[in-house]
Amino acid sequence: MRINQERFGEINGREVTAVTIKNSHGMTLTCLNYGGIITKILVPDASGKVENVVLGFDTVEEYEKYSPYFGAVVGRVAGRIKGGAFTLNGKTYHVTKNENGNHLHGGHRGFSHVFWDMETAEDHHSASVAFFYQSPDGEEGYPGNLQMKMVYTLDDDNRFTIRYHGVSDETTLVNVTNHTYFNLSGNLKRDVLGHTLEMKSHRFLELDRSLLPTGQILAVEDTPFDFRSGRRVEDGVRSTHEQNLIASRGYDHPFLLDRHFDREIVLTDPESGRQLIVETDQPCVVLYTGNQLGDDFMIRGVQARKYLGLCLETQGLPDAVHHPHFPSVVLEKGGTYQAKTIYTFCVK
Ligand code: G6D
């Protein structure tokens, strides 16, 4: 394992530092102390050609100007909170309304837009970056002083693990995810419509036109949302199913996972042979197929465009605070929030 750090840029006078970890099987991962942003993941294809498989930039300025959460940790609460308000223990809190009167992805300066303190560590078969962030009481409207720890670990089996840990001195909400956009073709040479996805999920959440869960849990049976036997991503783009149309022709939906740490999510690019297996302890994964990606910027020389990358955001259910039948995302005072997701890269 090799791990090194270098200056990436500067934001508001503070240095943005990049940490690169390289394992002994040709996989490299680079991440930043700003937003925990994963800027690059290099993995081999079936012929051994090592290429980048995530959407990212090489300058801070591009992240600030163009990035729709490329590679970033998202929180305190990922997804949307209806009306930007919620009630805990009889008290109503108002969080930032940063999208159409709702709260999205932790607000204007959520976890994706703050500096995290970093510590690196390595042993013979793995290397880690531990990130720490103290989210003060009232940040973006959330109650409680929340101490967050996030650990990225890359090992010699091409497994990249993300662990989250949080404690708060007041009851609050926590539901954190990583918003990396994957594209297994290598250096964005194709979009993800030809990728196949297999998911052990027989239910997904219905969305309204604001992309908020309605509370209805739908069966995937006989719909373009049935990934149990594997399906091309483009099926959701060609689909006339109301939910694919609501998502601007594609997917932007939470899928309830039937299994955990049992190859529950498998993304494959048949042409390169690259495969990504995602396994998690989280109840759901939001599949977002980049339907709202703009085309007014370049990504390392490639024109940005719809479907150039897709996100597999493992997390609690969005807007759970307003749906008592969803698993809770309330972190009680003195309790502990923990989550773990493993991304294994291989070739088919
Ligand atoms: C859009 O609806 C999508 C979200 O799911 C995504 O996270 C965001 O773009 C980047 O708002």
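In listed order, ligands and their atoms are each counted from 1. Positions are given from 1 along the sequence.
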Legend entry - For H322, all residues meeting ring pair (Phe, Tyr, Trp, His ring centres under 6.0 Å), sequence neighbours excluded: none
Return a table of donor-acceptor pairs under 3.5 angstrom between the side chains of residues 1-12 and protein atoms on other chains or two or more places apart.
residue: R7; atom: NH2; partner: E10; partner atom: OE1; Å: 3.3

Inset, instruction - Answer yes when R80 and E99 have at least one side-chain N-carboxylate O distance shorter than 4.0 Å, and no when they do not. - result: yes
Inset, instruction - Taking only heavy atoms of the protein into account, state which residues are under 4.0 angstrom from an atom of ligand 1, in chain and number order. - result: P68, Y69, R80, E99, H105, H179, Y181, L211, D252, Y288, Q292
Legend entry - Passing option when W116 is tested against Y34, F111, F132 for ring-ring contact (aromatic ring centres under 6.0 Å, His included): F111
Inset, instruction - Would you please say whether a donor-acceptor pair under 3.5 Å links the side chains of R231 and T196? - result: no
Legend entry - For H241, ring pair (Phe, Tyr, Trp, His ring centres under 6.0 Å) partners two or more places apart: F225
